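For reference, the structure is listed below as structure tokens.
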Amino acid sequence: MYPIHQVREGQVFIISAPSGSGKTTLGKELINSLPDLQLSISCTTRKPRPGEQEGVDYFFLTEEEFEKKRMKGELIEWAEVFGHYYGTSRSRLTQYLQQGKDVLLLIDVQGALQIMEKLPRVVSIFVLPPSWDALKQRLEERGTDTAEEIQRRLEAAVREIDYWSHYDYIVINETLTEAVEKLRSIIIAERSRQEKMKEVMQGLIDDFRPRK
Ligand code: 5GP
């Protein structure tokens with residue numbers, strides 16, 4: 001096996017999706033089924049939901065702690081979403097990439113645009129539900145949000161969908177299995193791009209040279 005992850009820098013994959021599109025479930029499926037894909041754990045000022053764990057789902061911070069990090073430039077991107085702050089740690093992301101790990105960011109449109117501007121080679125994917133009705137139904141069935149909160153998330157989805165053309169790939173989440181397959185295919189194909197195979201090819205070319 002060639003030592004691909006010893007020689008190349010990791011790749012950033014961003015997935016954005018309106019709330020209720022199944023992004024978290026899709027992200028978990030990808031992490032479990034693809035080797036060397038690291039989930040970026042965000043910081044947030046939102047309170048943990050039942051079952052959520054510190055350092056697993058998020059790093060839960062107070063507004064003061066978040067603001068301090070933001071002011072010190074420790075967040076490579078940040079945004080206010082549904083009245084709470086969310087952000088990605090610059091040092092953790094850089095560390096993963098330097099270790100050659102591919103990193104998956106599940107972040108909103110505002111954060112995605114900041115990362116696209118700052119990093120040269122990100123691969124961005126926009127996941128959407130098959131229809132507005134399907135999104136509404138999923139939010140209602142999830143049972144985690146009040147009617148007011150659901151309305152707020154639906155309104156946000158209407159704004160977010162306008163940003164679809166900023167993304168490299170669009171995946172419609174009709175069924176979980178199909179959406180995971182599409183996302184896996186994108187990641188696997190991106191890992192074989194010619195420019196990412198340079199070091200591997202150098203080794204292979206050396207191996208192919210006539211032996212003395
Ligand atoms: P939730 O509170 O439901 O976990 O997430 C709410 C929204 O915040 C989702 O759209 C999610 O993608 C987004 N989000 C989570 N982490 C980050 C982050 O680090 N940065 C940005 N910009 N958005 C995030």
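Position 1 is the first residue of the sequence, and the numbers go up from there. Read the numbers this way: they start at 1 and go in the same order the structure lists the ligands and their atoms. Because the structure is predicted, anything quoted here is derived from the model rather than measured.
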Inset, instruction - Give a yes or no on this: more than 12 heavy atoms of other residues, nucleotides or ligands lie within 6.0 Å of atom OH of Tyr163. - result: no
Inset, instruction - Identify which one of Val122, Leu37, Leu30 satisfies the side-chain contact (heavy atoms from CB on, under 4.5 Å) criterion when paired with Phe13. - result: Leu37
Inset, instruction - Could you see which bit of Arg49 sits under 4.0 Å from ligand 1, with heavy atoms only: side chain, backbone, both or neither? - result: side chain
Inset, instruction - Take every heavy atom of Glu77, measure it against each atom of ligand 1, and state whether any distance is under 4.0 Å. - result: yes
Legend entry - For Lys23, the ligand 1 atoms whose distance to one of its heavy atoms is below 4.0 Å: 9 (C), 10 (O), 11 (C), 12 (O)
Inset, instruction - Under 4.0 Å from a heavy atom of Thr88: give me the atoms of ligand 1 that qualify, with their elements. - result: 19 (O)
Inset, instruction - Would you please classify the geometry between the Phe126 ring and the Tyr167 ring as parallel, tilted or perpendicular, with 30° and 60° separating the classes? - result: parallel
Legend entry - Per-residue contact class, Leu106 against ligand 1 - non-hydrogen pairs under 4.0 Å: backbone
Inset, instruction - Measure the distance from atom 6 (C) of ligand 1 to every protein heavy atom, then report the residue, atom name and distance (to 0.1 Å) of the closest one. - result: Tyr86 OH, 3.5 Å
Inset, instruction - Kindly confirm or rule out a cation-pi arrangement of Arg46 over Tyr86, judged by NZ or CZ under 6.0 Å from the six-membered ring centre and within 45° of its axis? - result: no
Legend entry - Arg70/Glu77 salt bridge by N-O under 4.0 Å criterion: no
Legend entry - Residue part near ligand 1, for Arg46, under 4.0 Å between non-hydrogen atoms: side chain
Legend entry - Contact check: Trp78 vs ligand 1, nitrogen or oxygen atoms, below 3.5 angstrom: no
Legend entry - Pairing of Glu141 and Arg138 as salt bridge, 4.0 angstrom limit: no
Legend entry - Presence of salt bridge, Lys69 and Glu65, under 4.0 angstrom: no
Inset, instruction - Could you see which bit of Arg153 sits under 4.0 Å from ligand 1, with heavy atoms only: side chain, backbone, both or neither? - result: side chain
Inset, instruction - Using non-hydrogen atoms of the residue, decide whether Ser19 is closer than 4.0 angstrom to ligand 1. - result: no
